[in-house]
Amino acid sequence: MTDPTQDPTPDPTQRPPVPPIPRYSYPGSPPASADPGVGLSDADESAPAPRPTGRRAGLLVGGVVAALVLGGGAVFAVQQLSGGGAQPADVLPGDAYGYLRLDIDPSAGQKIAAVRFLDKLPQVRDTLGGDDPRQKLWELIATEASDDCITAFSYDTDIAPWLGDRAGAAIRPGGTEDKPHVALAVQVTDEARAEQMLGKLFACDPDGADIETKDGYVLVMPPGTGTATMAAVAKGTLSTNATFTGDMSALGEQGVVSAWFDMTRGAKELQGLGAGALGLSSTTAVGAEGRVAAALRFDPSYVELAGVVRGATAVKAAPGDAAQLLNLPDDTAVALHVSGADQAVDAAWPQLADQLEDLSGITGGDVIGEIEQQLDVTLPDDLKVLLGRSFTVSAPQQDLTSADTFVVGGKIVSGDSARATALVDRLDQALGDVLTHTLDAGTLYLASDPAYVDTLKQGGGLGDTDAFKAALGDVGSANGVLFVDLDRIESAYLGDLDGDTRAAVESLRAVGASTRVTGDGEAAFSLRVVGN
């Protein structure tokens, strides 16, 4: 990522410095025309509290967090380059198993990188940079609420004066589906005013909320859970949890958004809170192990979602080798590469098999047995042979608007080339004999077009192209890679777009995703979107 100490002055041979994005009125400094005596925060305390008219206020704090997310892309890039101060993890309970953080006041390097990246996407930059996005979302919530109790509040005088730049949420063990043990921490510039105003906001909700203040933050919790949550905070916060801090340290730069989840504890807890309705089966919940930490961060060339997995027993060290990906033809538009799968399947198969067996309750049959019978294969052995030491699928740049057959091909490097060839034959027959394939020097080449088989055998230098390097960096030892050169496939969708939407899409250059096993139980992943 960008070095915070790097001199942001551009090279004189390059394009001129990026002009600053227009700054909105900073929270805590209402417009000069605003009358501080008008807001509800200064209303007559003897006046009756607003009558609860619905459960709309429960959306408000979530709306504040979402507004911060919407505004984070441009807002933080023009604020002072401090990035210091307390984080939500400093006030949220240390026994939490899940955490989500938003920070529109991150490190100086992140702010500089964001400005430079957003210059590549002027439509996005201009949309985010004009007004306070938090105010826009507040107005949207108030309009959708259709509740006089909520719409009576003024953003300028009731919200902006105390709202800070950071927010975080945590979920801890216990609770019920109706009242989970969750806590939302919102940074504030005036604790007393924030607590007073949130109290009035949640008076619009018949259930209300438990509200506490701590070290420059307001904590909002479901009614009846505040005492237990604050007791957990008193015992220790997330920032004192060695497991959490170790995982976040391994993650590195936490950017503008970061998240952490302990799957070993959390999957079972969420199952008890009704997460089964979201597709989390009891088998998955029991078998889930390990922790994941992720961050959304900027580089002058791209925005990246990066993360690490730690303590996952199902993850076993497997050698990654992306040579077959790197030497694809230069005009490759889409590529998918997996290496080391022949070793990784053994560790992952028990959980995968359990998940497939869960489908038996839906299909009413033996899913694995039916696959083996229909394709005449033995699982997982034949799956390991087919994926081999490396498995690569690619498609060249082509006329995607044509009705002709889509050209796609692949390469397989397997420890049992004869068996891999036989499996491809069998799969091709099941598809209707649409593939051409040939075995050459231990590599099995296959494609929907005979000419593309020859092209794949000739190879190229995809790994040296600018788009590939920007989207993926060094992936020579990666175990899984996905690359999409958007400039080479945009003819398929640009015709359906116009105006600002078309311009925004055209400003995107490529997408790259990669995973790398760094050791037993540990892995790293990245998803990048590159701008032109």
- Are the side chains of T243 and R291 in touch, meaning some heavy atoms are under 4.5 Å apart? yes
- Backbone of T245 reached by a side-chain donor or acceptor of S249 within 3.5 Å: no
- Task: Supply the atom-to-atom distance D190 CG to L163 CG, rounded to the nearest 0.5 angstrom.
- Result: 12.0 Å
- Query: Any donor and acceptor pair, going by atom type alone, linking the side chain of Q110 with main-chain N or O of F298 inside 3.5 Å?
  - Reply: yes
- Does any non-hydrogen side-chain atom of V511 lie less than 4.5 Å from one of L486? yes
- Message: Quick check: do I159 and L201 have side-chain heavy atoms less than 4.5 Å from each other?
- Response: yes
- Task: Measure from the side-chain N and O atoms of E191 to the backbone N and O of G216, and report whether any donor-acceptor pair falls under 3.5 Å.
- Result: yes
- Query: Atom NZ of K200 and atom CG of D158: how far apart are they, to the nearest 0.5 Å?
  - Reply: 8.0 Å
- Task: Kindly check if the number of other-residue, nucleotide or ligand heavy atoms within 6.0 Å of CZ (R509) is above 12?
- Result: yes
- Query: Side chains of T313 and E289: donor-acceptor distance under 3.5 Å anywhere?
  - Reply: yes
- Task: Decide yes or no on side-chain contact (heavy atoms from CB on, under 4.5 Å) for T229 and R172, but give the supporting numbers first.
- Result: CA-CA 8 Å; T229 296; R172 53 186 299 269; 4.1 Å; yes
- Item | L508 side chain reached by V530 side chain, heavy atoms, under 4.5 Å | no
- I would like to know whether V218 and W162 meet side-chain contact (heavy atoms from CB on, under 4.5 Å); could you show each step before the answer? CA-CA 10 Å; V218 167; W162 53 264; 5.9 Å; no
- Message: Once rounded to the nearest 0.5 Å, what's the spacing between atom CE of M197 and atom CZ of F153?
- Response: 6.0 Å
- Note on the structure: Nearest heavy-atom contact between L472 and S514 is CD2-CB, 4.2 Å
- Item | D103 and Q254 side chains, donor-acceptor separation under 3.5 Å | no
- Item | Check: A293 main-chain N/O paired with D247 side-chain donor or acceptor under 3.5 Å | no
- Item | Option from R101, Q87, E253 for which side chain to side chain donor-acceptor pair (under 3.5 Å) with S258 holds | R101
- Item | Residues R265 and D262 bridged, charged N to O under 4.0 Å | yes
- Query: So, the side chain of E269 versus the backbone of G174: is there a donor-acceptor pair under 3.5 Å, distance only?
  - Reply: yes
- Message: In the structure I gave you, are the side-chain heavy atoms of V475 and F468 within less than 4.5 Å of one another anywhere?
- Response: yes
- Query: So with a 6.0 Å cut-off around CG of D520, is the heavy-atom count from everything else above 12?
  - Reply: yes
- Task: Please tell me if the side chains of P106 and K111 come closer than 4.5 Å, counting only heavy atoms from C-beta onward.
- Result: yes
- State whether R297 and D299 are salt-bridged, where the test is any N-O pair (Lys NZ or Arg NE/NH1/NH2 against Asp/Glu carboxylate O) under 4.0 Å. no
- Does the side-chain contact (heavy atoms from CB on, under 4.5 Å) test come out yes or no for W260 and L238, once each step is laid out? CA-CA 11 Å; W260 175 82; L238 265 177; 4.3 Å; yes
- Query: How far apart are the closest heavy atoms of A185 and V91, and which atoms are they?
  - Reply: CB-CG2, 3.8 Å
- Smallest separation among heavy atoms of F261 and G98, with atom names: CD1-CA, 4.0 Å
- Is it the case that D90 and S239 place a side-chain donor and acceptor less than 3.5 Å from each other? yes
- Query: Is it true that a side-chain atom of T225 and a backbone atom of K179 form a donor plus acceptor pair closer than 3.5 Å?
  - Reply: no
- Item | Min side-chain heavy-atom separation L219-K214 under 4.5 Å | yes
- From I171 CD1 over to Y99 OH, what is the distance, rounded to the nearest 0.5 angstrom? 15.0 Å
- Item | Side chain proximity check, N479 to V338, heavy atoms < 4.5 angstrom | no
- Query: Within the distance-only criterion (no hydrogens, no angle test), does the side chain of D210 pair as donor or acceptor with the backbone N or O of G224 below 3.5 angstrom?
  - Reply: yes
- Task: Check whether any side-chain N or O of T264 sits under 3.5 Å from a backbone N or O of G290 as a donor-acceptor pair, and report yes or no.
- Result: yes
- Message: For a side-chain contact (heavy atoms from CB on, under 4.5 Å) check, start with the C-alpha distance between V233 and L92, then their side-chain angles and the critical distance, and finish with the verdict.
- Response: CA-CA 6 Å; V233 171; L92 288 169; 5.9 Å; no
- So, for N241 and G94, which heavy atoms are closest and what is the spacing to 0.1 Å? ND2-O, 2.8 Å
- Query: Distance-only, no hydrogens or angles: does the Y217 side chain make a donor-acceptor pair with backbone N or O of A86 under 3.5 Å?
  - Reply: yes
- Message: Using only atom types and a distance under 3.5 Å, with no angle test, would you say the side chain of H337 pairs donor to acceptor with the backbone of V481?
- Response: no
- Note on the structure: Taken to the nearest 0.5 Å, the spacing of E304 CD from R528 CZ works out to 4.5 Å
- Would you give the length of the straight line joining atom CG of D215 to atom CD of Q187, rounded to the nearest 0.5 angstrom? 11.5 Å
- Heavy-atom nearest pair, F525 first then V292, reads CE2-CG2, 3.9 Å
- Message: If you take the centroid of each ring, where Trp contributes its six-membered ring, are F117 and Y302 closer together than 6.0 Å?
- Response: no
- If you take all heavy atoms of P180 and P222, which pair is closest and at what distance? O-CG, 3.4 Å
